[in-house]
There are 2 protein chains.
Amino acid sequence: MKHFSEITPAAEKVLDAAEGLVQRFGYNGFSYDDIARQVGIKKPSIHHHFATKAQLVATMAQRFAQRFFDALDGIEQTHTGGPARLQAYAALFEQTYAQDRRLCVCGILGTEAEDLPPPVGDEVQAFFNRNLAWLAHVISTGHTGKKPLARDEAQRRAMLFLCALEGAMMVGRGLRSDSGPQTVTQGLMGYLLA
Amino acid sequence: MKHFSEITPAAEKVLDAAEGLVQRFGYNGFSYDDIARQVGIKKPSIHHHFATKAQLVATMAQRFAQRFFDALDGIEQTHTGGPARLQAYAALFEQTYAQDRRLCVCGILGTEAEDLPPPVGDEVQAFFNRNLAWLAHVISTGHTGKKPLARDEAQRRAMLFLCALEGAMMVGRGLRSDSGPQTVTQGLMGYLLA
DNA sequence: GTCTATATAAAGATAGAC
DNA sequence: GTCTATCTTTATATAGAC
């Protein structure tokens, strides 16, 4: 698979379009022609950049994950303490949903997991694992209790937070509501770090 | 739209197949031919029972929701107290995911909301609204605090619980894990009713 | 890097016989 | 209620010219 770092400007536009389409309609919900129309080129030109849809989406998911992880690094550098970091983490989901109720790329692909080409499924799985590790670390070092948090307790709370945020996007859409992740963070933050 | 209550045994088998296929692959992830193969008939026979895919899935979602609400009534009759009722509620999600990691019908349809025929979207929206109302009621009457729960606080907690459960199915799939909703209920229950 | 033209398969759906 | 045959559209993908 082509790595997203060695990609031309034209191919980048294709990835941008694919990302938005996946976030709105899922893997099975868009076509090469949809991308072509958005980018302003023809269908076969897409194949010039990405031979198959599986490769295209795998590359896009990889780029999405990389950017997300970069954002996590940024949060650790610019925010101090558990609450601020979890709040900044939640804001990433919030900002995504605020754009026409877009879902997390790996969230919507996760629901389609059984149907996904293996390379795409691998990206999704890695994305969640790394998010959980990051959250468990932040929760573990940021909590305010007297005893240090047990490793598996930190992991449980990380799982809860991630699921609540992903689920809030899913449910928010089903409710046809503009309020997504934000509806779920209030109160939860205190619980996670208590 | 045909109501599911006036449906023949043959049509019922079609709905059963459609339900499983939606839970595994989503609205855009299966075809009339997939149903036909499962039921053991041919494609046009499906159209005899349900003229369009939109009608078929709308009827299926309606049946799913009705059964789910019946289960909620059952929980209120057979379980007493907030903790037992929330536990029984979570078990409904658990049982679904335990079947080949199937998702909640309205959960997976919710992620596809932007792409859904309006009648199907209506069913999904109604499903979530009614679930939130039921949960808010159980949480409100079941909590152990000294002061009665404020209405909007009960609704916030209901939203958190629903999103956590739906999200756990989504994330569990992305992780290729057999552990779904169960990973998220522990600890949360105490928080909801505190 | 983009195009026209085309191959091939699958989708939702209809007509009409049994 | 189910079938064969068929229509129409759309999908992913390829060949080869510019």
Side-chain angles (χ1 to χ4, degrees), chain A residues 1-22 24-61 109 112 114-121, chain B residues 1-22 24-61 109 112 114-121:
Chain A
M1 182 197 2
K2 206 179 293 187
H3 191 271
F4 72 89
S5 62
E6 29 167 322
I7 255 171
T8 63
E12 196 111 39
K13 284 183 198 167
V14 171
L15 288 180
D16 291 340
E19 184 170 310
L21 287 164
V22 165
R24 290 196 295 155
F25 305 111
Y27 187 86
N28 288 316
F30 76 100
S31 72
Y32 266 42
D33 220 29
D34 294 325
I35 299 177
R37 272 191 298 270
Q38 277 199 20
V39 176
I41 56 180
K42 298 294 177 181
K43 225 180 356 173
S45 306
I46 314 290
H47 284 284
H48 172 75
H49 300 292
F50 302 96
T52 67
K53 192 181 181 182
Q55 280 172 42
L56 163 55
V57 176
T59 304
M60 182 276 285
L109 289 177
E112 296 179 286
E114 196 173 346
D115 217 15
L116 246 37
V120 179
Chain B
M1 185 199 357
K2 208 180 291 186
H3 191 270
F4 72 89
S5 63
E6 28 166 323
I7 255 171
T8 62
E12 195 112 39
K13 284 183 198 165
V14 171
L15 289 180
D16 291 341
E19 183 170 311
L21 286 163
V22 165
R24 290 196 293 155
F25 305 111
Y27 186 88
N28 288 316
F30 78 100
S31 71
Y32 265 42
D33 220 30
D34 295 325
I35 299 177
R37 272 192 296 270
Q38 277 197 21
V39 176
I41 56 181
K42 298 294 177 182
K43 215 173 16 164
S45 306
I46 314 290
H47 283 285
H48 172 76
H49 299 294
F50 302 96
T52 68
K53 191 180 181 182
Q55 280 173 41
L56 163 55
V57 175
T59 304
M60 183 275 285
L109 289 178
E112 296 178 287
E114 196 173 348
D115 216 15
L116 246 36
V120 179

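Values below: all heavy atoms of this structure, side chains included; hydrogens, waters and symmetry mates excluded.
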How long is the span from the [atom1] atom in [X] to the [atom2] atom in [Y], to the nearest 0.5 Å?
{"X": "A/Lys13", "Y": "A/Ile7", "atom1": "NZ", "atom2": "CD1", "result": "14.0 Å"}
{"X": "A/Lys43", "Y": "A/Asp33", "atom1": "NZ", "atom2": "CG", "result": "5.0 Å"}
{"X": "A/Gln55", "Y": "A/His49", "atom1": "CD", "atom2": "NE2", "result": "13.5 Å"}
{"X": "B/Glu112", "Y": "A/Arg24", "atom1": "CD", "atom2": "CZ", "result": "14.5 Å"}
{"X": "B/Glu19", "Y": "B/Leu56", "atom1": "CD", "atom2": "CG", "result": "11.0 Å"}

Side-chain touch B/Phe25/A/Asn28, heavy atoms, less than 4.5 angstrom: no
For the student: nearest non-hydrogen atoms of A/Tyr32 and A/Phe50, plus distance: OH-O, 3.1 Å
Nearest non-hydrogen partners of B/Ala18 and B/Ile35, listed with the distance: CB-CD1, 4.0 Å
Terminal axes of the helix from C/dG1-D/dC18 to C/dC18-D/dG1 (five pairs each): angle between them, nearest 10 degrees: 10°
B/Leu21 and its side-chain contact (heavy atoms from CB on, under 4.5 Å) partner, picked from B/Val57, B/Asp34, B/Asp16: B/Asp34
Start and end of chain A contact along DNA chain C [non-hydrogen atoms, under 4.0 Å]: C/dG1 to C/dA5
For DNA chain D, the residues among residues 29-44 of chain A that have a non-hydrogen atom under 4.0 Å from it: A/Phe30, A/Ser31, A/Tyr32, A/Lys43, A/Pro44
Worked check of side-chain contact (heavy atoms from CB on, under 4.5 Å) between A/Tyr27 and A/Asp115: CA-CA 9 Å; A/Tyr27 187 86; A/Asp115 217 15; over 6 Å; no
